[in-house]
Visitor: 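Have a look at this one.
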Amino acid sequence: MIRVAAKLWAFIVRDFQQQVSYRLAFLLQIGGMFLSLGAFFFLTRMIDPNAKGLDGMNPFEWMLLGLAFQYYFSTALYAFSAKVRSEQMMGTLEAMLVSPTSTGLVIFSSAAWDFTYAGFRVLLYLGGAWLIFGISFHLENFPVLLLGIVLTLLSSVGLGMLSASFILYFKRGDPINFFLSGMTTFFGTVFFPAEQLPAFLQGVSDYLPITWSLRVVRGALLQGKGFAELQSDLAALAVLTAVLLPAGLFLSRIAIRKAKQEGSLVQY
Amino acid sequence: MGHAVEARRLEKRFTRKRSIRELLFQPFRKAEVVEALRGVDLTIREGEIFGLLGPNGAGKTTLLKILSCLVLPDEGSATIGGHPTSREQEVKPLIGLVHSDERSFYWRLSGRQNMNFFSTLYEVPRERRDGRIAELLQKVDMDDAADRPFADYSSGMKQRMSIARAMLHDPPILLMDEPTRSLDPAAALSLRRFIQDELSGRDRKTIVLATHNLHEAELLCSRIAVLMKGKVRQVGTVEEVRRWGLDTRNYELELDRWPAEAGGRFNVLSDRAWEDGRRIRIGLSGDDGLNPMLAYLLEQGVTIRGCTQVDADLEGAFARILEAE
Ligand SMILES: Nc1ncnc2c1ncn2[C@@H]1O[C@H](COP(=O)(O)OP(=O)(O)OP(=O)(O)O)[C@@H](O)[C@H]1O
Ligand SMILES: [Mg+2]
């Protein structure tokens, strides 16, 4: 366990060191983030605060959280497969896989930095909104919020491992990534509540973890809801996590085995 | 001495990846299959430098990848130090792989940062890590450059870093895939010395070295296997392989003249040499041909100034093995 944690940490350190070497890119990214934040601030002024599904939340705040978490889920979808593919090209995947570290752990840890970095950017986003636009968040139900975030993290890891497995297995994964992130953006209640959709489509949202993540996070941060009010949302998120995470881990094992048989794991 | 590596009837077929375009337009055409290994048997002893010699596409890399658990064989099995390669956790601590590909590192990080990262993956205990890395960097003569970005290194330096990395966990067996491929002659020479003196001589590592360089195999390896089209054609000491398929011995004679009628009696290998000098090469079958030939020449009144046996070269053996296909 300690060994696994040490390895995970080594991946984070490695990628942090690489990230630091792109200092200018980093600063520009942050700058770009705040510009888009500003754009959404003015855009959401045109939205009717009483629109169905907003539940009385301020449209800007509502969308702010949607954007931050959508970023998190899209990171998950891309991080594993993109990392695996680029390390495959660089030849570093092979170098890692001859070490006494299991393939699963290598793939899993490869995205550790992307998750950390995405989390950092979410914080920056929210911090920026608080600082610049004076938005205040409810933090009194922090443990519930934390639980929601951990479940969000785990379910997005599950999704990411699933998409990485598809890529390893079929060696072409971009259509799947594209589809999944499109679904997340459209049905994930990021830009508009599910209630705005035609009735027959509304149910789709219920199958996406991001929908429940956002219900928890918006409820806790914007409306100050506690465990009692959020428990059914948390339960739904937990169920999806319990399906996605083991499925992702299991399928990645199958995909890794097939890739080793085909020799495609280390040769692009 | 025990066996470091054993391979039994290893087979590996690869299916060439088909593009989307092919899948769309010829969905029922069979995919092309490459037989990379077709029943490879090998025994490599502890402590030897064993050469895997073969032309491009012979299957050298595939074999090394199977031995390092990166690729699963279709048929047959291999063991490393007695452990089957299917038990990764037992095999991986025993092997270090030196890649032919000089990428395989993080170019934006320094040599030391790279080594730090990989040392965790190789489970070097935390308290020993810095010491071990310093020791290895010094060993491969990279201690001065260790804090420069990897991207700045020359090919020779990258290759030495690759060796240092493969030794992080001090494995008894090193698998090297064409380590001198991208090096200039001087760098290649010093790397070969290092392999021979340090890795083999001092550290007593078992080394499996894939190469298509005959000269290199000749210089370094105690035994070699000639791999062609996925099969081991010959195994033995360099001397044995060199003489493979030769039932003649070749001599170079230095004479004052070459009697005209002698040409029909002996197997003259080169008469071009005769024309410009006083030397001629002759092939004699068996071990006992030399005396009668010398007696004949003396009888003809020829002055013999010198007579040397000419080594059969590996190149010739290679050509004969190819011919025998
Ligand atoms: N993952 C793979 N997918 C498809 N074909 C492969 C794969 N790996 C190797 N091959 C094929 O298998 C054959 C043997 O390749 P291998 O790389 O083992 O040869 P090699 O002896 O190392 O050659 P070289 O001297 O060029 O490095 C080649 O025809 C190669 O194209
Ligand atoms: Mg090769």
Side-chain angles (χ1 to χ4, degrees), chain A residues 2-23 25 83 86-107 109-110 112-113 169-175 256-268, chain B residues 12-15 17-20 23 34 36 61-62 64-74 88-110 113-114 116-126 129 149 151 162 165-166 168-169 171 175:
Chain A
I2 290 175
R3 204 175 263 170
V4 170
K7 286 178 179 174
L8 202 61
W9 180 244
F11 276 89
I12 294 179
V13 170
R14 175 199 77 185
D15 289 342
F16 173 73
Q17 286 166 337
Q18 294 201 94
Q19 184 85 53
V20 169
S21 70
Y22 295 95
R23 232 164 282 150
K83 264 290 179 29
S86 82
E87 302 238 14
Q88 210 169 15
M89 305 270 229
M90 289 198 303
T92 44
L93 185 65
E94 182 170 320
M96 294 192 279
L97 293 182
V98 284
S99 75
T101 300
S102 74
T103 312
L105 184 60
V106 166
I107 294 180
S109 313
S110 294
W113 166 254
Y169 199 92
F170 296 109
K171 289 180 269 349
R172 31 183 92 87
D174 292 330
I256 287 165
R257 198 173 165 82
K258 174 156 183 278
K260 279 195 179 184
Q261 259 155 11
E262 291 179 340
S264 58
L265 192 55
V266 289
Q267 183 169 355
Y268 179 66
Chain B
K12 185 72 213 174
R13 282 172 298 278
F14 290 115
T15 312
K17 199 166 92 181
R18 300 207 298 167
S19 64
I20 293 203
L23 284 174
V34 184
T61 301
T62 305
L64 291 186
K65 283 186 179 169
I66 289 177
L67 296 180
S68 38
C69 314
L70 290 173
V71 168
L72 298 172
D74 294 332
E88 282 189 32
Q89 298 312 317
E90 293 166 24
V91 167
K92 283 179 170 175
L94 302 179
I95 50 159
L97 177 66
V98 179
H99 309 254
S100 61
D101 194 336
E102 58 178 48
R103 296 172 305 165
S104 90
F105 278 92
Y106 299 95
W107 284 38
R108 298 191 72 97
L109 304 184
S110 72
Q113 286 173 325
N114 267 292
N116 254 315
F117 171 67
F118 284 106
S119 70
T120 316
L121 297 196
Y122 278 105
E123 300 178 353
V124 179
R126 194 182 177 75
R129 199 168 297 157
S162 186
R165 174 176 63 192
L168 272 167
H169 55 315
L175 309 173

Visitor: Can you tell me how far the CZ atom of B:R103 sits from the CE atom of A:M89, to the nearest 0.5 Å?
Guide: 9.0 Å
Visitor: Would you say B:L109 and A:Q18 make side-chain contact, with heavy atoms under 4.5 Å?
Guide: yes
Visitor: Where does B:S68 contact chain A at under 4.5 Å (heavy atoms): side chain, backbone, both or neither?
Guide: both
Visitor: Is it the backbone or the side chain of A:V98 that comes under 4.5 Å from a heavy atom of chain B, or both, or neither?
Guide: both
Visitor: Would you please name every residue forming a side-chain contact (heavy atoms from CB on, under 4.5 Å) with B:P93, sequence neighbours left out?
Guide: none
Visitor: At their closest point, which heavy atom of B:L121 faces which heavy atom of A:P100, and how far apart are they?
Guide: O-CD, 3.6 Å
Visitor: Counting only heavy atoms closer than 4.5 Å, note whether B:R126 contacts chain A via side chain, backbone, both or neither.
Guide: neither
Visitor: What are the two closest non-hydrogen atoms of B:K92 and A:L97, and how far apart are they?
Guide: NZ-O, 2.8 Å
Visitor: Would you mind telling me which of A:A95, A:A6, A:S102, A:A10 has the largest number of heavy-atom pairs within less than 4.5 Å of chain B?
Guide: A:A95
Visitor: Report the distance from atom CD of A:Q17 to atom OH of B:Y106, rounding to the nearest 0.5 Å.
Guide: 11.5 Å
Visitor: Could you give the distance from CG (B:L72) to CD (A:E262), rounded to the nearest 0.5 Å?
Guide: 11.0 Å
Visitor: Is the CZ atom of B:R108 crowded by more than 12 outside heavy atoms at less than 6.0 Å?
Guide: yes
Visitor: Non-hydrogen atoms of chain A under 4.5 Å away: do they reach the side chain of B:L97, the backbone, both or neither?
Guide: side chain
Visitor: Quick check on B:F105 against chain A: is it the side chain, the backbone, both or neither that has a heavy atom closer than 4.5 Å?
Guide: backbone
Visitor: Which pair of heavy atoms, one from B:F117 and one from A:R14, lies closest together, and at what distance?
Guide: CZ-NH1, 3.3 Å
Visitor: State the OG1-CH2 distance between A:T92 and B:W107, to the nearest 0.5 angstrom.
Guide: 12.0 Å
Visitor: Give a yes or no on whether the backbone of B:E123 and the side-chain of A:K7 come within a donor-acceptor separation of less than 3.5 Å.
Guide: no
